[in-house]
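In this text the structure is predicted, and so the values were computed from the model without any measurement.
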Amino acid sequence: MDESKDNENNLNKKEISLKLLIIGDSRVGKTSLLLKYVDHVFPEDHIATIGVEYKDKYVNKGDYNIRLQIWDTAGQERFHSITKNIFRNTNGVIFVYDITNKASFNNIKNWIKDTESADKDIKGIILGNKSDLEDERVIEKEDLEELGNKNNIPVLECSAKENINVNEGFDLIIDELLRDKSENEIMEMYSRKTR
């Protein structure tokens with residue numbers, strides 16, 4: 001398909017905006033996932049997020065041109081109250097843990113509780129990051145699947161470093177937000193004009 005046809009097809013698509021929140025403990029790779037997805041880079045050194053930062057990315061999905069506003073939160077407990085405030089107007093949450101860190105996996109339950117107490121209608125997914133560190137794994141895939149089933153949340157393992165399932169993870173949360181909604185419902189909830 002030539003470029004003019006692509007541009008014409010994009011012009012016929014509906015414009016929507018989704019606010020996504022990436023949360024989880026410190027050092028699980030939230031910022032790395034965001035940078036790999038948006039900027040296609042992997043930071044070799046740990047970058048501590050102070051408070052909250054965000055990036056925009058534009059994607060096409062089906063009949064929609066989607067502006068993703070992706071918020072990256074600090075995992076440190078002292079920033080927990082900031083994170084709770086950021087839930088306002090959030091459409092989807094990406095819960096992230098490190099497959100080599102049991103505490104980060106166990107704390108996903110607390111992050112899910114925080115989300116539910118902020119808003120029952122927020123959709124979420126769980127990403128087990130650092131799947132490239134198979135030799136250091138302490139959380140098995142079955143544990144992830146069990147947690148997902150228990151909370152009725154889709155799950156996926158990924159690696160920001162090796163770019164494994166990063167795009168698929170973001171596609172998964174977008175699919176969750178659009179699933180089982182009519183075009184009218186999607187436009188009413190996510191139209192850029194209403195944001």
Give me the atom names and distance for the closest heavy-atom approach of [X] to [Y].
{"X": "Ser131", "Y": "Glu157", "result": "CB-OE1, 4.1 Å"}
{"X": "Leu147", "Y": "Lys109", "result": "CD1-CG, 4.0 Å"}
{"X": "Lys181", "Y": "Glu176", "result": "NZ-O, 4.3 Å"}
{"X": "Met187", "Y": "Ile16", "result": "SD-CG2, 3.7 Å"}
{"X": "Ile23", "Y": "Lys30", "result": "C-CD, 3.5 Å"}
{"X": "Ile94", "Y": "Ile173", "result": "CD1-CG2, 4.1 Å"}

Given side chains that start at C-beta, do those of [X] and [Y] come closer than 4.5 Å, heavy atoms only?
{"X": "Ile125", "Y": "Leu156", "value": "no"}
{"X": "Leu35", "Y": "Asp72", "value": "no"}
{"X": "Tyr190", "Y": "Leu178", "value": "yes"}

Is the side chain of [X] donor-acceptor paired with the backbone N or O of [Y] at a distance under 3.5 Å, no angle test?
{"X": "Asn129", "Y": "Val96", "value": "no"}
{"X": "Asp143", "Y": "Glu140", "value": "yes"}
{"X": "Lys102", "Y": "Ile139", "value": "no"}
{"X": "Asn91", "Y": "Lys19", "value": "yes"}

Subject >> Residue pair Asp98 / Ser104, side-chain donor-acceptor N/O under 3.5 Å >> reply: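 No.
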Original post:
Should we count CG of Asp56 as having more than 12 external heavy atoms under 6.0 Å?
Top reply: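 Above 12, so yes.
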Original post:
Above 12 or not: heavy atoms from other molecules or residues under 6.0 Å from NZ of Lys161?
Top reply: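 Incorrect, the count does not exceed 12.
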How long is the straight-line distance from [atom2] of [Y] back to [atom1] of [X], given to the nearest 0.5 Å?
{"X": "Ile153", "Y": "Thr115", "atom1": "CD1", "atom2": "OG1", "value": "8.0 Å"}
{"X": "Trp111", "Y": "Ile126", "atom1": "CH2", "atom2": "CD1", "value": "14.0 Å"}
{"X": "Phe95", "Y": "Asp25", "atom1": "CZ", "atom2": "CG", "value": "12.5 Å"}
{"X": "Tyr58", "Y": "Ser17", "atom1": "OH", "atom2": "OG", "value": "7.5 Å"}

Transitive ILVMFWY side-chain link [X] to [Y], under 4.5 Å:
{"X": "Leu68", "Y": "Val38", "answer": "yes"}
{"X": "Phe42", "Y": "Ile164", "answer": "no"}
{"X": "Ile66", "Y": "Ile186", "answer": "yes"}
{"X": "Val59", "Y": "Leu33", "answer": "yes"}
{"X": "Val28", "Y": "Leu133", "answer": "no"}

Original post:
Tyr97 vs Phe105 aromatic rings, parallel, tilted or perpendicular, using cut-offs 30° and 60°?
Top reply: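 Ring orientation of Tyr97 relative to Phe105: perpendicular.
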